[in-house]
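Okay, structure first, notes after.
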Amino acid sequence: MKIYISGKLFDKDDAKISVFDHGLLYGDGVFEGIRVYGGRVFLHQEHIDRLYESARAIRLEIPMTKSAMIEAVNSTVAANGITDGYVRLVVTRGAGSLGLDIRRTANPQVIIIADTITLYPKEIYEEGMKLVTVSTMRNHPAALSARIKSLNYLNNILAKIEGTDAGCVEALMLNHKGEVAECTGDNIFLVKRRVVWTPPIEAGILEGLTRNAVLSLAREAGYTVQELPMTRHDIYTAAECFLTGTAAEVVPVVSLDGRSIGDGKPGPVTNDLLARFQKLTRQ
Ligand code: PMP
């Protein structure tokens, strides 16, 4: 495996950055997780745009242009012979002092890892996923915006631990108002009376690129779409529920907190949107 670090490719064992990098010391940096389908980097421009927006929000200047970044991702994917896989793109603040002052850091590091992908087990797509709500609240958006895809994922990791302890592969997080926010690494949707409904960005969630793609596909397919605050009650009483994410694509959810959703099986709208999404990725 060849790993790109700031302009050069290194063998996996030689791919190293400083222990003084603020990415390590403080989770001070941003990242993206991107899919490669049939040798093509999916939603490439959108991922690069979100990376640069995350960086802008934390006052991190990425030391290369967007087009150079796109080229670096493409060449790392090619160098690793990946036709279907996953790219992790990371930009750290760079090495600094043992203090928070970003003026004492230098040389942000750009890291690109192109690898195969670990997916949810096949049974989950066939039978649906069971989900629990966890007590770890999504970060208050006034403290740290979930729109920033930062290297500090502790909020999500703590929620994921609770989900795993409960025997679930994902976990539902609520926001500071007690509304449905998102899962630890996926956005959430429900379907009720043919309305496809997902929480708004203002609920304090990451603006998932799969979420946005599925919203467009749902509109094109003639479903009514709404981005409105959602409660757990709305999910308990929905006909269908599903998650979206770069790795998950569209994954059916068949129960939440021990309540069966709809008839407890992946629903027709979920399956339709998954098929439409897969068509889009394999074009
Ligand atoms: N929410 C969170 C917290 C995430 O980490 C992710 C995965 N990046 C998502 C939602 C889904 O976003 P996307 O569709 O862009 O992968």
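Values below: all heavy atoms of this structure, side chains included; hydrogens, waters and symmetry mates excluded. Numbering of ligands and ligand atoms starts at 1, following listing order. Note that this is a predicted model, so its numbers are computed, not measured.
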- Message: Is the ring pair Tyr125/Tyr120 parallel, tilted or perpendicular, if the boundaries are 30 and 60 degrees?
- Response: tilted

- Message: Any nitrogen or oxygen of Arg138 lying under 3.5 Å from a nitrogen or oxygen in ligand 1? Just yes or no.
- Response: no

- Item | N or O contact, Thr210 vs ligand 1, cut-off under 3.5 Å | yes

- Message: With a sphere of 6.0 Å drawn around CZ of Phe20, does it hold more than 12 non-hydrogen atoms of other residues, nucleotides or ligands?
- Response: no

- Item | Close approach, Gly185 and ligand 1, non-hydrogen under 4.0 angstrom | yes

- Do me a favour and list the nearest non-hydrogen protein atom to atom 1 (N) of ligand 1 with residue, atom name and distance? Glu182 OE1, 2.6 Å

- Query: Of the backbone atoms (N, CA, C, O) and the side-chain heavy atoms from C-beta on, which set of Leu206 has a member under 4.0 Å from an atom of ligand 1: side chain, backbone, both, or neither?
  - Reply: side chain

- Message: Quick check on Lys130: does its NZ atom have over 12 non-hydrogen neighbours (other residues, nucleotides or ligands) under 6.0 Å away?
- Response: no

- Query: Does an N or O from Tyr153, backbone or side chain, lie closer than 3.5 Å to an N or O of ligand 1?
  - Reply: yes

- Task: Indicate, as side chain, backbone, both or neither, the part of Ile205 found under 4.0 angstrom from ligand 1 when only non-hydrogen atoms are considered.
- Result: neither

- Message: Counting only heavy atoms, tell me which of Leu243, Leu209, Ile34 gets closest to atom 15 (O) of ligand 1.
- Response: Leu209

- Message: Testing the 3.5 Å rule here: is there a donor-acceptor pair between the side chains of Thr184 and Glu170?
- Response: yes

- Message: So for ligand 1, is Gly208 a polar contact partner (N or O within less than 3.5 Å, distance only)?
- Response: no

- Query: So, Ser6 and Gln109: side-chain donor and acceptor under 3.5 Å apart, yes or no?
  - Reply: yes

- More than 12 non-hydrogen atoms from neighbouring residues, nucleotides or ligands closer than 6.0 Å to CZ on Arg56, yes or no? no

- Message: Just to check, does Arg50 reach to within less than 4.0 Å of ligand 1 when the distance is taken from its heavy atoms?
- Response: yes

- Query: Taking only heavy atoms of Asp186, which atoms of ligand 1 are found under 4.0 Å from at least one of them?
  - Reply: 1 (N), 9 (C), 10 (C)

- Task: Mark yes when over 12 heavy atoms from residues, nucleotides or ligands other than Lys265 sit less than 6.0 Å from its NZ; otherwise mark no.
- Result: no

- For Thr184 and ligand 1, answer yes if some heavy atom of the residue is under 4.0 Å from a ligand atom, otherwise no. yes

- Message: As a quick check of understanding, evaluate salt bridge (Lys or Arg N to Asp or Glu O under 4.0 Å) for Arg147 and Glu53, giving each step before the final call.
- Response: CA-CA 9 Å; Arg147 298 186 72 177; Glu53 283 177 10; 5.4 Å; no

- Query: Can you list the atoms of ligand 1 that are under 4.0 Å from a heavy atom of Thr246?
  - Reply: 13 (P), 14 (O), 15 (O), 16 (O)

- Message: For Thr231 and Asp234, which I'm curious about, is there any donor-acceptor pair between the side chains at under 3.5 Å?
- Response: yes

- Message: Please identify which of these residues, Thr105, Asn107, Asp28, meets the side chain to side chain donor-acceptor pair (under 3.5 Å) condition with Arg93.
- Response: Asp28

- Message: Only heavy atoms of Asn156, strictly under 4.0 Å: list the atoms of ligand 1 that pass.
- Response: 3 (C)

- Query: Strictly under 4.0 Å, does any heavy atom of Lys149 approach an atom of ligand 1?
  - Reply: yes

